[in-house]
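Structure, as structure tokens:
What you see is a predicted model, and the numbers here were worked out from it, not measured in a lab. Sequence lines set the chain letters: A, B, ... in the order given, protein chains first and strands last, and positions in each chain run from 1.
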2 protein chains.
Amino acid sequence: MNIGEVAERSGIPTKTIRYYEDIGFLHPKRNENGYRIFEETELHKLTFIGRARSLGFNIEECRALLALYEDKERGSSDVKKIAQQHVKEIEAKIADLIAMRDTLTHLITACAGDHRPDCPILDNLSNGKREQG
Amino acid sequence: MNIGEVAERSGIPTKTIRYYEDIGFLHPKRNENGYRIFEETELHKLTFIGRARSLGFNIEECRALLALYEDKERGSSDVKKIAQQHVKEIEAKIADLIAMRDTLTHLITACAGDHRPDCPILDNLSNGKREQG
DNA sequence: CTAAGGGTTCCAGCGACTGGAAGGTCAAGA
DNA sequence: TCTTGACCTTCCAGTCGCTGGAACCCTTAG
């Protein structure tokens, strides 16, 4: 399989696949003209990484998951730990974003939004009276 | 005021303040030894930017807000528009993160987390059966 | 013979900083 | 006066996870 087909089948752009090779996720062989040749297992790996990334795991977490995936002796508790830690981080982000949104919607509600210059949003940013938190 | 004091009072690191000067947010004067001299208004600007950033506005949005803030003739509807657009983006991010979290917690629940190698999390990443969405 | 459509490498840029090196300046203390 | 240390300066490189582009090679079809 050439890189284009792998890209198509995995849904990961060729640029990204080459990048993943750079950072050691893959080690595709080359044929005599220098083209990368991918096996099915490599395609699987890529798909695996793609899914993990779409779940918000960062590259290092993907690396860890990949290592666990390839280690037939691993216990599932290791994977569970990574996933749980990741859920914690996601929840922290969600909380941050909700706080932001609530503050902003509150300010927006208070803002007339007409042509007059009074603007609670700017006032808040300027004076720093926290609406929340 | 030297940069250190501004950093202290605004809560923004000196590195970041210099960066903000680079990208045209500030134009502090210099004294004869080359040190930046900040006025109170500059401190206000920095605090303003800091708050906007902490609300998740990106640099360009901050630039727009700053321009509106400094334009005494502006109508508040412009500001409101930016804020509303921003809320939309925040809500999209929240939705994404909630979907991620739900998928993951679902998988975690299904994962025994013991020393046995069966692991629904890895299975899911590998086989790509979407638990959600 | 040429053109299109693969593939290759390498370098640079995104956003928003952050770290570090190498050096200039200033105030206090011995 | 000298030294120490804290502060300031500039500039360059790195972060993360790609992404774009240039310049080039390979293959196939017309």
Side-chain angles (χ1 to χ4, degrees), chain A residues 1-39 42-43 45-66 86 89-90 93 96-97 100, chain B residues 1-39 42-43 45-66 86 89-90 93 96-97 100:
Chain A
M1 239 182 312
N2 280 350
I3 196 167
E5 189 181 340
V6 182
E8 176 113 2
R9 289 178 60 189
S10 67
I12 295 172
T14 58
K15 281 272 186 188
T16 306
I17 295 171
R18 291 197 195 96
Y19 170 71
Y20 285 166
E21 184 185 358
D22 274 0
I23 63 174
F25 277 178
L26 308 163
H27 307 282
K29 289 179 188 142
R30 306 293 182 112
N31 66 14
E32 66 273 6
N33 63 14
Y35 286 21
R36 290 168 181 82
I37 323 165
F38 294 85
E39 309 291 332
E42 248 119 11
L43 176 59
K45 257 200 209 181
L46 272 171
T47 313
F48 181 98
I49 297 166
R51 295 233 174 71
R53 293 284 304 123
S54 80
L55 282 173
F57 289 98
N58 67 23
I59 291 291
E60 284 317 304
E61 286 165 336
C62 287
R63 206 187 290 279
L65 289 170
L66 207 52
H86 188 49
E89 285 160 19
I90 291 174
K93 275 186 204 163
D96 275 0
L97 287 171
M100 275 183 212
Chain B
M1 239 181 313
N2 280 350
I3 197 167
E5 189 181 340
V6 182
E8 176 112 1
R9 288 178 61 188
S10 67
I12 295 171
T14 58
K15 281 274 186 188
T16 306
I17 295 171
R18 292 196 195 97
Y19 170 71
Y20 285 167
E21 184 184 358
D22 274 1
I23 63 174
F25 276 177
L26 308 163
H27 308 281
K29 289 179 187 143
R30 306 294 181 114
N31 66 16
E32 68 271 8
N33 63 16
Y35 286 20
R36 290 167 181 83
I37 322 165
F38 294 85
E39 310 289 332
E42 248 119 11
L43 176 58
K45 257 200 208 181
L46 272 171
T47 312
F48 181 98
I49 297 166
R51 296 233 174 70
R53 292 284 303 121
S54 80
L55 281 173
F57 289 99
N58 68 23
I59 291 291
E60 285 317 304
E61 286 164 338
C62 286
R63 206 186 291 279
L65 289 170
L66 207 52
H86 189 49
E89 286 160 18
I90 291 175
K93 276 185 204 164
D96 276 0
L97 287 172
M100 275 183 211

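- Between B:Leu46 and B:Ile12, the shortest heavy-atom contact is O-CD1, 3.1 Å.
- Atom CZ in B:Arg63 sits roughly 10 Å away from atom P in C:dG15 (whole-Å rounding).
- Residues from residues 4-11 of chain B placing a heavy atom under 4.0 Å of any atom in DNA chain D, listed by number, are B:Gly4.
- Contact record, B:Leu65 with B:Phe48: O-CZ, 3.9 Å, taken as the closest heavy-atom pair.
- Nucleotide C:dT9 holds its P atom 8 Å from the CG atom of A:Asp22, rounded to whole Å.
- Of all heavy-atom pairs between A:Pro13 and A:Ala7, the closest is C-CB, 4.3 Å.
- By the side-chain contact (heavy atoms from CB on, under 4.5 Å) test, A:Lys45 is found to be paired with A:Leu26, A:Leu66, A:Glu70, residues two or more places apart in sequence or in another chain being considered.
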What nitrogen or oxygen pairs link the protein and nucleotides 24-27 of chain C at under 3.5 Å?
from: C:dG24; atom 1: N2; to: B:Tyr35; atom 2: OH; distance (Å): 2.8
from: C:dT25; atom 1: O4'; to: B:Tyr35; atom 2: OH; distance (Å): 3.4
from: C:dT25; atom 1: O3'; to: B:Asn33; atom 2: ND2; distance (Å): 3.3
from: C:dC26; atom 1: OP1; to: B:Asn33; atom 2: ND2; distance (Å): 2.7

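- With sequence neighbours left out, the side-chain contact (heavy atoms from CB on, under 4.5 Å) criterion links B:Glu60 to B:Asn58, B:Arg63.
- Between B:Arg53 and B:Cys62, the shortest heavy-atom contact is CD-SG, 3.7 Å.
- Distance B:Glu61 CD to C:dG15 P: 12 Å, rounded to the nearest Å.
- Comparing B:Phe57 and A:Thr14 by the nucleotide of DNA chain C that holds the closest heavy atom to each, the one mapping nearer the 5' end is A:Thr14.
- When all heavy atoms of A:Ile49 and A:Phe25 are compared, the pair lying nearest together is CD1-CD1, 3.3 Å.
- A side-chain donor-acceptor contact under 3.5 Å links B:Asn33 to the backbone of B:Tyr35.
- Residue-level contact check: B:Arg18 touches the bases, meaning some heavy atom is under 4.0 Å from a base atom.
- The overall bend of the helix from C:dC1-D:dG30 to C:dA30-D:dT1, read as the angle between its terminal helix axes built from five base pairs each, is 40° when rounded to 10 degrees.
- Using a 4.0 Å heavy-atom cutoff across all strands shown, B:Ile3 reaches sugar-phosphate atoms only and no base atom.
- In summary, contact between chain A and DNA chain D, defined as any nucleotide atom under 4.0 Å from a heavy atom of the protein, begins and ends at D:dG17 to D:dT27 in the 5' to 3' direction.
- Under the rule for a side-chain contact (heavy atoms from CB on, under 4.5 Å), the partners of A:Glu5 that lie at least two apart in sequence or sit in another chain are A:Met1, A:Arg9.
- For the pair B:Asn58 CG and C:dC17 P, the computed distance is 10 Å after rounding to whole Å.
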Contact list (N/O, under 3.5 angstrom) for nucleotides 18-20 of chain C vs protein:
from: C:dT18; atom 1: OP2; to: B:Thr16; atom 2: OG1; distance (Å): 3.1
from: C:dG19; atom 1: N7; to: B:Lys15; atom 2: NZ; distance (Å): 3.0
from: C:dG19; atom 1: O6; to: B:Lys15; atom 2: NZ; distance (Å): 3.0
from: C:dG20; atom 1: N7; to: B:Lys15; atom 2: NZ; distance (Å): 3.4
from: C:dG20; atom 1: O6; to: B:Lys15; atom 2: NZ; distance (Å): 2.1

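- Among the heavy atoms of the strands lying under 4.0 Å from B:Tyr20 are primed sugar atoms or P, OP1, OP2 only; no base atom is included.
- At a threshold of 4.5 Å between non-hydrogen side-chain atoms, the residues B:Met100 and A:Lys93 do not count as touching.
- The shortest distance between side-chain heavy atoms of A:Ser10 and A:Thr47 falls below 4.5 Å.
- Closest non-hydrogen pair, B:Ile90 versus A:Leu97, comes out as CG2-O, 3.5 Å.
- B:Phe57 meets the ring pair (Phe, Tyr, Trp, His ring centres under 6.0 Å) test with B:His86; sequence neighbours excluded.
- With values rounded to the nearest 0.5 angstrom, A:Ile23 atom CD1 is found 4.0 Å from A:Ile59 atom CD1.
- Legend: side chain to side chain donor-acceptor pair (under 3.5 Å) pairs involving residues 13-29 of chain A, not counting sequence neighbours, sorted by first then second residue: A:Glu21-A:Arg30, A:Glu21-A:Arg36.
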